[in-house]
Amino acid sequence: MADLEIEMKLDERKKNILFAIIRNYLETGEPVGSRTISKYEGLNLSSATIRNEMADLEELGYIMQPHTSAGRIPSDKGYRFYVDMLMEDKEREVDEMKEVLLEKADKMESLLKQVAKVLATNTNYATLISAPQYHHSKLKFTQLSKVSENQILAVIVVEGNIIKNEMISVEEPLDDETLLNLNILLNSNLNGLTIDEINLGIISKIKEQAGVHSDLIGSVIDAVGEAIKADEDLEIYTSGTNNIFKYPELADNQRASEIISAFEEKIQLTDLVNETLAKQEGEDSKGIKVYIGNETPIQNMKDCSVVTATYELEEGVQGTIGIVGPKRMDYDKVVSTLKSLTNQLDTLYKKT
């Protein structure tokens, strides 16, 4: 990584100019002059100032002049500094993202538990709400980092900021420049794609460009696929199960115990949530679904009515709210409550 001596020699302006030279050279393969760098957005420096800074960078050994009257190109020392800073930035970005996500996840869990409780109190029925799931996720970016001589850490971030870490073994050590090139190769070809869009043609192209590192690329792409389609344990929060005893037709020991068992074990509730979300595929509205008696997907609730609604926090991020009660439930009140709640959840979510 960049040492203290390097940090002291290169102030922010020199770093920005060095990075501009390197990025331009990576894109064009041509020596870079001061006039080209002066056009970079955000530098706001004259050509004369840039020439002076480039002279300092050359003296420090970060860039060099291939021949007289030519522009500058990065030296090995310049590449090393660029790669080290790039890797530090990526590691910091992933760490910061993890902290934010953990904090937001804790707030979301508290919010959903509170929603289920308030809903049960207001309706006098049993209620459930599932944590949001991410559908049709796209890859945001991939970062490969060296952990040891024979192990590479692949950090994969997909839409919804879901992070998956995968340790990959390699037979031979990879230097930082090779890792940088593999990161560029992966991200330039895969970012923004869904699992369905990462086809054999794209995979073959990337492996071909990776050359001797095609096996490593294959392992990373497999991990990307798993990260995108991974179905993590579905969290479902419930409340008001004891409200079932308020209705004589559901309160006898067998019926009540079956319904309560379904709420406690949550396996059948997961099936209900998945069916509700599946029915929303291709539909424009987050409509209300009403299951009466035998229509109910949950075997233990054939004597009940179940009303569900899908809430959407952002594109592709959905969850299910459900209300379970007797067939004589107040449908008008339940439907109105669910419609109002699905609209309010987006606002509540943005405050978490």
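Just so it is clear, the structure is predicted and the values come from calculations on it, not from any experiment.
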Requested in this report: Applying salt bridge (charged side-chain N to carboxylate O under 4.0 Å, His left out), name anything that partners Lys113, two or more places apart in sequence or on another chain.
Outcome: Glu109
Report summary line: With Ile323 as partner, the option from Leu338, Val290, Val335 fulfilling side chain to side chain contact (heavy atoms under 4.5 Å, CB included) is Leu338
**Report entry** Gap between atom CD1 of Ile260 and atom CG of Asn300 - 0.5 Å precision
**Finding:** 11.5 Å
Report task. Count the heavy atoms belonging to other residues, nucleotides or ligands that lie under 6.0 Å from CG of Asp76, then report whether that count exceeds 12. Result -> no
Query raised in the report: Short question: side chain of Ser261, backbone of Glu258 - any donor-acceptor pair under 3.5 Å?
Result: no
Report task. Measure from the side-chain N and O atoms of Asn243 to the backbone N and O of Ala126, and report whether any donor-acceptor pair falls under 3.5 Å. Result -> no
Requested in this report: Please determine which of Val170, Ile152, Ile168 meets the side chain to side chain contact (heavy atoms under 4.5 Å, CB included) test together with Ser219.
Outcome: Ile168
Report task. Could you tell me how the ring of Tyr79 sits relative to the ring of Tyr25: parallel (under 30°), tilted (30 to 60°) or perpendicular (over 60°)? Result -> tilted
Report task. Would you mind checking if Glu249 and Arg255 are paired as a salt bridge, meaning a charged N to carboxylate O distance below 4.0 Å? Result -> no
Query - ILVMFWY cluster, Phe245 and Ile259 together (side-chain gap under 4.5 Å) - result: no
Report summary line: Residues passing the side chain to side chain contact (heavy atoms under 4.5 Å, CB included) test with Arg13, sequence neighbours excluded, are Asp11, Ile17, Leu45, Thr49, Glu53
Query raised in the report: Between Ser305 and Tyr331, do the side chains contain an N or O donor and an N or O acceptor separated by less than 3.5 Å?
Result: yes
Query - N/O donor-acceptor pair under 3.5 Å between Lys266 side chain and Ile236 backbone - result: yes
Query raised in the report: Are Thr270 and Ile267 side-chain neighbours, meaning at least one heavy-atom pair lies under 4.5 Å?
Result: no
Requested in this report: Find the distance between CG (Leu186) and CD1 (Ile156) and round it off to the nearest 0.5 Å.
Outcome: 9.0 Å
Report summary line: Minimal heavy-atom distance between Pro74 and Met64, with the atoms involved, is O-CE, 4.1 Å
Query raised in the report: Should Met167 and Val157 be regarded as members of a common hydrophobic cluster, given that ILVMFWY residues are connected when their side-chain heavy atoms come within less than 4.5 Å of each other, either directly or indirectly?
Result: yes
Query - side-chain contact (heavy atoms from CB on, under 4.5 Å) between Asn122 and Thr337, worked out - result: CA-CA 9 Å; Asn122 289 348; Thr337 301; 5.6 Å; no
Query raised in the report: Under 4.5 Å between side-chain heavy atoms, hopping through other hydrophobics if needed: is there a path connecting Val212 to Leu216?
Result: no
Report task. Take Arg72 and Val32 through the test side-chain contact (heavy atoms from CB on, under 4.5 Å) and record every step on the way to the result. Result -> CA-CA 5 Å; Arg72 268 70 165 187; Val32 185; 5.7 Å; no
Query raised in the report: Are the side chain of Asn191 and the backbone of Lys140 linked by a donor-acceptor contact shorter than 3.5 Å?
Result: yes
Query raised in the report: Out of curiosity, does Ile37 fall in the hydrophobic cluster containing Met85 (side-chain heavy atoms, cut-off under 4.5 Å, transitive links)?
Result: yes
Query raised in the report: Closest heavy-atom contact between Ser145 and Leu179?
Result: C-CD1, 4.2 Å
Query raised in the report: Is the backbone N or O of Thr36 less than 3.5 Å from a side-chain atom of Asn24, with the two atoms forming a donor-acceptor pair by type?
Result: no
Query raised in the report: Under a 4.5 Å cut-off applied to non-hydrogen side-chain atoms, are Val334 and Met329 in contact?
Result: yes
Report task. Using atom types as modelled and distance alone, determine if a side-chain donor or acceptor of Lys77 lies under 3.5 Å from a backbone N or O of Leu60. Result -> yes
Query raised in the report: If every non-hydrogen atom of Tyr125 is compared with every non-hydrogen atom of Asp330, which pair is closest and at what distance?
Result: OH-N, 2.9 Å
Query raised in the report: So, Ser239 side chain and Ala120 main chain: donor-acceptor pair closer than 3.5 Å or not?
Result: no
Query raised in the report: Is the gap between the ring centers of Tyr62 and Tyr82 under 6.0 Å?
Result: no
Query raised in the report: For residues Asn124 and Lys246, is any side-chain donor paired with an opposing acceptor at under 3.5 Å?
Result: yes
Query raised in the report: Where do Gln65 and Glu58 land on the side-chain contact (heavy atoms from CB on, under 4.5 Å) test, with the steps shown first?
Result: CA-CA 8 Å; Gln65 196 170 24; Glu58 187 173 2; 3.8 Å; yes
Requested in this report: Decide side-chain contact (heavy atoms from CB on, under 4.5 Å) for Val155 and Leu153; before the verdict, give the C-alpha distance in whole Å, the side-chain angles of both, and the deciding distance to 0.1 Å.
Outcome: CA-CA 6 Å; Val155 179; Leu153 174 65; 3.9 Å; yes
Query raised in the report: Quick one: are Gln114 and Leu111 in side-chain contact, heavy atoms under 4.5 Å?
Result: no
Report summary line: Shortest non-hydrogen pair, Gly78 vs Ile22, comes out as O-CD1, 3.5 Å
Query raised in the report: Is there a donor-acceptor contact under 3.5 Å linking the side chains of Thr178 and Asp175?
Result: yes
Report task. May I ask you to decide if Ser336's main-chain N or O and Ser340's side chain share a donor-acceptor pair within less than 3.5 Å? Result -> no
Requested in this report: Can you spot which of Leu128, Thr127, Ile129 makes a side chain to side chain contact (heavy atoms under 4.5 Å, CB included) with Leu119?
Outcome: Thr127
**Report entry** CD on Gln299 to OG1 on Thr296, rounded to 0.5 Å
**Finding:** 9.5 Å
Requested in this report: Report yes if the side chains of Val324 and Met301 come closer than 4.5 Å at any heavy-atom pair, otherwise no.
Outcome: yes
Report task. Verify the distance criterion only: is there a donor paired with an acceptor across the side chains of Glu312 and Thr310 at less than 3.5 Å? Result -> no
**Report entry** Minimal non-hydrogen separation, Tyr311 against Ala131, with atom names
**Finding:** OH-C, 3.6 Å
Query raised in the report: Taking C-beta and beyond as the side chain, do Ile298 and Asp271 meet within less than 4.5 Å on heavy atoms?
Result: no
Requested in this report: Kindly indicate whether the side chain of Ile206, heavy atoms from C-beta on, has any atom under 4.5 Å from the side chain of Leu185.
Outcome: yes
Query raised in the report: Minimum heavy-atom separation for Leu193 to Glu197, with atom names?
Result: CA-OE1, 3.3 Å
Report summary line: CE (Met54) and OG (Ser34) are apart, to the nearest 0.5 Å, by 6.0 Å
Query raised in the report: Taking side chain as C-beta onward, heavy atoms only, is Leu10 less than 4.5 Å from Leu57?
Result: yes
Query raised in the report: Any side-chain heavy-atom pair from Ile288 and Lys339 closer than 4.5 angstrom?
Result: yes
Report summary line: d(Lys205 NZ, Asn199 CG) to nearest 0.5 Å is 10.5 Å
Query raised in the report: Shared ILVMFWY cluster between Val220 and Leu200, side chains joined below 4.5 angstrom?
Result: no
Report summary line: Separation between OG (Ser257) and CD1 (Ile244), nearest 0.5 Å, reads 11.5 Å
Query - Whether over 12 other heavy atoms sit under 6.0 Å from Lys117 NZ - result: no
